[in-house]
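Worksheet: the structure to be examined is printed underneath.
Ligands are counted one by one from 1 in listed order, and the atoms in each one are counted from 1 as well.
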Amino acid sequence: METAANSIRVQRTGQSRLSEIDFNNLAFGQHISDHMLVAEYADGKWGKAAVLPYGEMAMSPAILSLHYGQAIFEGMKAYKTSSGVITIFRLKRHHERMNRSLERMCMPPIPYDLFEQSLTTLIDVDRDWIPTSEGASLYIRPVVFASEARLGVKVSDQYKFVIMTSPVGPYYSKPLRVKVEETYVRAAEGGAGFAKCAGNYGVSFYPTQMARKEGFDQVLWTDAKEHKYIDEAGTMNVMFVIDGKLVTPRLTTAILDGITRDSILTLAKEMDLVVEERKVSVEELIETHQQGALTEAFGAGTAAIVAPIATINIHGKDYTLPPASEGSIQARVKKKLTNMRLGLEKDNHGWNFTLR
Ligand SMILES: *Cc1c(COP(=O)(O)O)cnc(C)c1O
């Protein structure tokens, strides 16, 4: 069956997999919804997007993204309220960040209208895939990659923009044991750390595997020059509570500009918390921990929203933090963010994009 929605062609699957999904038991990213969106860039412009049954795509092994790494992605979430209203969290901001990533990798920007229509059409088609239980959501994964088949080193002239979605349950993160990384580097200033490009993940796997072998869940990346300042936590931004203030490393070109990070900082200020975006040194963590001033540490990202950190290992020594109580700053900002998303609190910033 083919129907036109907006100007996006929709080709529905004849065989939905929806009935095979156990919505009470969703591992992150395990199931991909029935449909995907595909648009192609060629001859200097983006062509018409189409919603197609999710499945394999035939491609040459010579596509430039495989060899030279022109590939970027996004990670965002859609929610369905009990009354059936579907919202996408901070769609505009995700679009802006995606275009910043694209620019850094010499890839063509996605026009806002294409982005919005693509998402809304795809999510509307797969609306029954959005879980409704508390804390559950539809994870959205847009990806753009170079698709020109050619072996010579060059900026690709062809790209594919694909969006997939995946129902995800509430993310209960057990308190993490993290290690301050002082040997390996995820990104250096002037590099592409701020871009959500595939290569940033490729280079981070090895040090993360090493840390896992030593019994850690993740690493805390430090600056590439001196390993003196904290950058971020594995695949999340990192925040600390020091002397009752919410402290986070200020953004550099080596740090991913997290939308959860920005949301938490914005809400924390409105909660009259003192917020500091500045350099956070490894030394400061040791000193403030010894003084008892460092009371909380947590990761911030779309998947977990807030992931408590229980132990920070620095130069081989464990610095342990008390379990986050209900009155902790991380619990309070998480609740505020969740309530705003659910419409229990006013969305003063227009962060909830509502599907018509
Ligand atoms: C995506 C990502 C984050 C978190 O960003 P959100 O927009 O909050 O999901 C943090 N660090 C890295 C390296 C990331 O890729």
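- Looking at residues two or more places apart in sequence or on another chain, you find a salt bridge (Lys or Arg N to Asp or Glu O under 4.0 Å) between Glu116 and Arg356.
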Using residues 38-48 as the side-chain source, report each donor-acceptor pair under 3.5 Å to any protein atom, sequence neighbours left out, with the distance given to one decimal.
from: Glu40; atom 1: OE2; to: Lys160; atom 2: NZ; distance (Å): 3.1
from: Tyr41; atom 1: OH; to: Gly44; atom 2: O; distance (Å): 3.3
from: Trp46; atom 1: NE1; to: Pro109; atom 2: O; distance (Å): 2.9

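- Salt-bridge check for Asp262 with Arg90: passed, with a basic side-chain N closer than 4.0 Å to an acidic carboxylate O.
- Residues passing the salt bridge (Lys or Arg N to Asp or Glu O under 4.0 Å) test with Glu134, sequence neighbours excluded: none.
- For the pair Arg186 and Glu232, the salt-bridge criterion is met [side-chain N within less than 4.0 Å of a carboxylate O].
- For ligand 1, the 4.0 Å heavy-atom shell contains residues Arg97, Arg186, Lys196, Tyr201, Glu232, Thr235, Met236, Asn237, Leu256, Gly258, Ile259, Thr260, Gly301, Thr302.
- The aromatic rings of Phe115 and His95 sit tilted, their planes meeting at an angle between 30° and 60°.
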